[in-house]
Engineer: 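Here it is, the structure in full.
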There are 2 protein chains.
Amino acid sequence: MDRSDTPCGLDVALAIIGGKWKPLILYHVQSGPTRFADVKRSVAGISEKVLIQQLRDLVAMNVLVRRDHQRVPPMVDYALTPFGESLVQALIPLCEWGNQNRAKVTETL
Amino acid sequence: MDRSDTPCGLDVALAIIGGKWKPLILYHVQSGPTRFADVKRSVAGISEKVLIQQLRDLVAMNVLVRRDHQRVPPMVDYALTPFGESLVQALIPLCEWGNQNRAKVTETL
DNA sequence: CCTCGAGCATACCTTTAGGTAGGTTCTATC
DNA sequence: GATAGAACCTACCTAAAGGTATGCTCGAGG
């Protein structure tokens with residue numbers, strides 16, 4: 001397969017999932033609409049400030065939608081847009097590659 | 001649900017291609033063994049220092065091999081390892097996704 | 001009426017990736 | 001003998017991503 005004529009779209013993708021936590025966020029939101037607190041629990045170790053930042057970024061890029069259910073106490077959840085879905089699809093091979101090679105990679109760090 | 005039980009392989013992959021230039025470097029080395037100066041020319045805008053750093057990182061992670069031809073003036077080239085090849089394969093869908101959505105993404109930045 | 005927790009905001013500090021600007025070694029070529 | 005060019009190295013600087021800490025609103029449960 002000759003790919004030398006096509007430009008590299010990786011920079012585009014990395015502009016979206018380039019953050020430290022964005023891939024993990026996408027991974028956990030992928031299963032369906034997820035509440036803020038649930039994302040926070042799933043992505044262990046992330047601070048609230050950073051999580052909000054990343055979520056806002058993803059919303060701004062049309063990868064996620066923020067749905068505010070207008071309740072008190074606050075009830076908000078985030079879900080993938082169709083655009084976000086297509087991104088997640090493109091990420092699957094890389095995700096699987098990472099799982100298969102996790103041991104090899106972590107031992108060389 | 002525990003974080004370490006259901007890991008997402010994306011963090012592993014991003015540990016390797018996470019840098020600003022690494023995807024582009026991989027993209028240009030993929031066509032075959034490439035000399036340092038050629039990589040530098042292909043990846044326009046990168047400084048020598050950073051390029052060397054990134055190449056060293058990729059070598060340290062067994063994605064690339066550095067081959068020194070023991071000449072003066074220096075003659076060195078970099079090539080993908082089989083491990084690196086498998087990574088590149090996993091990157092193709094993401095690369096294509098990026099190309100298809102380049103316009104949409106860049107306009108929202 | 002006091003606290004708790006949801007989903008934020010805001011101020012401040014630290015870490016680090018990346019950029020700039022120089023130097024080095026050795027030979028071939030002018 | 002001056003210069004150029006290959007592939008590095010070293011020191012220093014900056015910007016921004018990420019982390020820490022705290023404060024906010026509002027209503028339900030005690």
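Letters A, B, ... are given to chains in the order of the sequence lines, protein chains preceding strands, and every chain is numbered from 1.
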Engineer: Nearest heavy atom decides the nucleotide; on that basis, is A:Gly18 or B:Ala37 closer to the 5' end of DNA chain D?
Structural biologist: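 Counting from the 5' end, the first nearest nucleotide belongs to B:Ala37.
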
Engineer: How many Å lie between CG on B:Leu55 and P on D:dC8, as a whole number?
Structural biologist: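 So the two atoms are 8 Å apart, to the nearest Å.
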
Engineer: Counting just side-chain N and O atoms, does B:Lys40 come under 4.0 Å of either OP1 or OP2 of D:dA7?
Structural biologist: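 Checking B:Lys40 against D:dA7: no side-chain N or O falls below 4.0 Å of OP1 or OP2.
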
Engineer: Please report whether the ring centroid of A:Trp97 lies less than 6.0 Å from that of B:Phe83.
Structural biologist: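 Yes - the distance between ring centres of B:Phe83 and A:Trp97 falls below the 6.0 Å cut-off.
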
Engineer: Does A:Gln54 make a side-chain N or O approach to OP1 or OP2 of D:dG18 shorter than 4.0 Å?
Structural biologist: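 Yes, A:Gln54 has a side-chain N/O under 4.0 Å of OP1/OP2 on D:dG18.
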
Engineer: Taking only the side-chain heavy atoms of B:Lys49 (C-beta and beyond), determine which of C:dG7, C:dG18, D:dA6 contains the nearest atom.
Structural biologist: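 Looking only at heavy atoms from C-beta outward on B:Lys49, the closest nucleotide is C:dG18.
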
Engineer: C:dG7, OP1 or OP2 - any side-chain N/O from A:Tyr78 closer than 4.0 Å?
Structural biologist: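 Negative; the distance criterion is not met.
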
Engineer: Given D:dA7, C:dG19, D:dG18, which nucleotide is nearest the side-chain atoms of A:Val50?
Structural biologist: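 Between D:dA7, C:dG19, D:dG18, the one nearest the side chain of A:Val50 would be D:dG18.
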
Engineer: Just the rounded figure in Å: distance from P of C:dC8 to CD of A:Gln53.
Structural biologist: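 Checked: the CD to P distance equals 13 Å.
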
Engineer: Between C1' on C:dA6 and CZ on A:Arg66, what's the gap in Å once rounded to a whole number?
Structural biologist: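 One finds 12 Å between C1' of C:dA6 and CZ of A:Arg66, rounded.
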
Engineer: Is any side-chain nitrogen or oxygen of B:Arg56 closer than 4.0 Å to OP1 or OP2 of D:dC9?
Structural biologist: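 Yes, because at least one side-chain N or O of B:Arg56 sits under 4.0 Å from OP1 or OP2 of D:dC9.
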
Engineer: Rounded to the nearest angstrom, tell me the gap between atom CZ in A:Arg71 and atom P in C:dA6.
Structural biologist: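 About 14 Å, once rounded to whole Å.
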
Engineer: Between C1' on C:dG19 and CG on B:Leu51, what's the gap in Å once rounded to a whole number?
Structural biologist: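 Atom-to-atom, B:Leu51 to C:dG19, this comes out as 14 Å.
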
Engineer: Rounding to 10°, can you tell me the angle the first-five-pair axis of the helix from C:dC1-D:dG30 to C:dC30-D:dG1 makes with its last-five-pair axis?
Structural biologist: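 The two end axes of the helix from C:dC1-D:dG30 to C:dC30-D:dG1 meet at 10°.
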
Engineer: Check the distance between C:dA6's P and A:Asp68's CG and give it to me in whole angstrom.
Structural biologist: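 The answer, rounded to whole Å, is 15 Å.
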
Engineer: Any chance you could measure A:Glu107, atom CD, to B:Met61, atom CE, to the nearest 0.5 Å?
Structural biologist: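 Result: 12.5 Å between the selected atoms.
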
Engineer: Quick one: does any side-chain atom of A:Ser42 pair with a main-chain N or O of A:His28 as donor and acceptor, under 3.5 Å?
Structural biologist: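 Not at all, since once roles are kept as given, no pair shorter than 3.5 Å links the two residues.
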
Engineer: Using only side-chain N and O atoms of A:Arg35, determine if any of them is under 4.0 Å from OP1 or OP2 of C:dG7.
Structural biologist: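 So the side-chain polar atoms of A:Arg35 do come within 4.0 Å of the phosphate oxygens OP1 or OP2 of C:dG7, strictly under.
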
Engineer: For B:Gly32, is there any backbone N or O sitting under 3.5 Å from a side-chain donor or acceptor partner on B:Thr34?
Structural biologist: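 Yes, the answer is positive, given that a donor and an acceptor are paired below the 3.5 Å cut-off.
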
Engineer: I would like to know whether B:Leu14 and A:Leu14 meet side chain to side chain contact (heavy atoms under 4.5 Å, CB included); could you show each step before the answer?
Structural biologist: CA-CA 9 Å; B:Leu14 281 177; A:Leu14 281 177; 3.7 Å; yes

Engineer: In this structure, how many angstroms lie between the P atom of D:dA6 and the CG atom of B:Asp38, rounded?
Structural biologist: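 One finds 9 Å between P of D:dA6 and CG of B:Asp38, rounded.
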
Engineer: Please report the shortest heavy-atom distance between A:His69 and A:Asp77, naming the atom on each side.
Structural biologist: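 Looks like NE2-OD2, 3.2 Å.
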
Engineer: What's B:Val72 touching, base or sugar-phosphate or nothing? Going by heavy atoms closer than 4.0 Å.
Structural biologist: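 It contacts base atoms.
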
Engineer: So, taking the atom named CD in A:Gln30 and the one named CG in A:Leu80, what distance separates them when rounded to the nearest 0.5 Å?
Structural biologist: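 The distance works out to 7.0 Å.
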
Engineer: Using heavy-atom distances to pick each residue's nearest nucleotide on DNA chain C, tell me which of B:Ser47 and A:Ile52 is more 5'.
Structural biologist: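 Taking each residue's closest nucleotide, the earlier one in sequence belongs to A:Ile52.
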
Engineer: To the nearest 0.5 Å, what is the distance between CZ (B:Arg35) and CZ (B:Arg41)?
Structural biologist: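 Here the rounded value is 8.5 Å.
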
Engineer: Distance check needed: D:dC26 C1' versus A:Gln70 CD, whole Å only.
Structural biologist: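 The answer, rounded to whole Å, is 14 Å.
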
Engineer: Which nucleotide sits closest to the side chain of B:Glu48: C:dC12, D:dG5, D:dC8?
Structural biologist: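 Nearest to the side-chain atoms of B:Glu48, counting from C-beta on, is D:dC8.
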
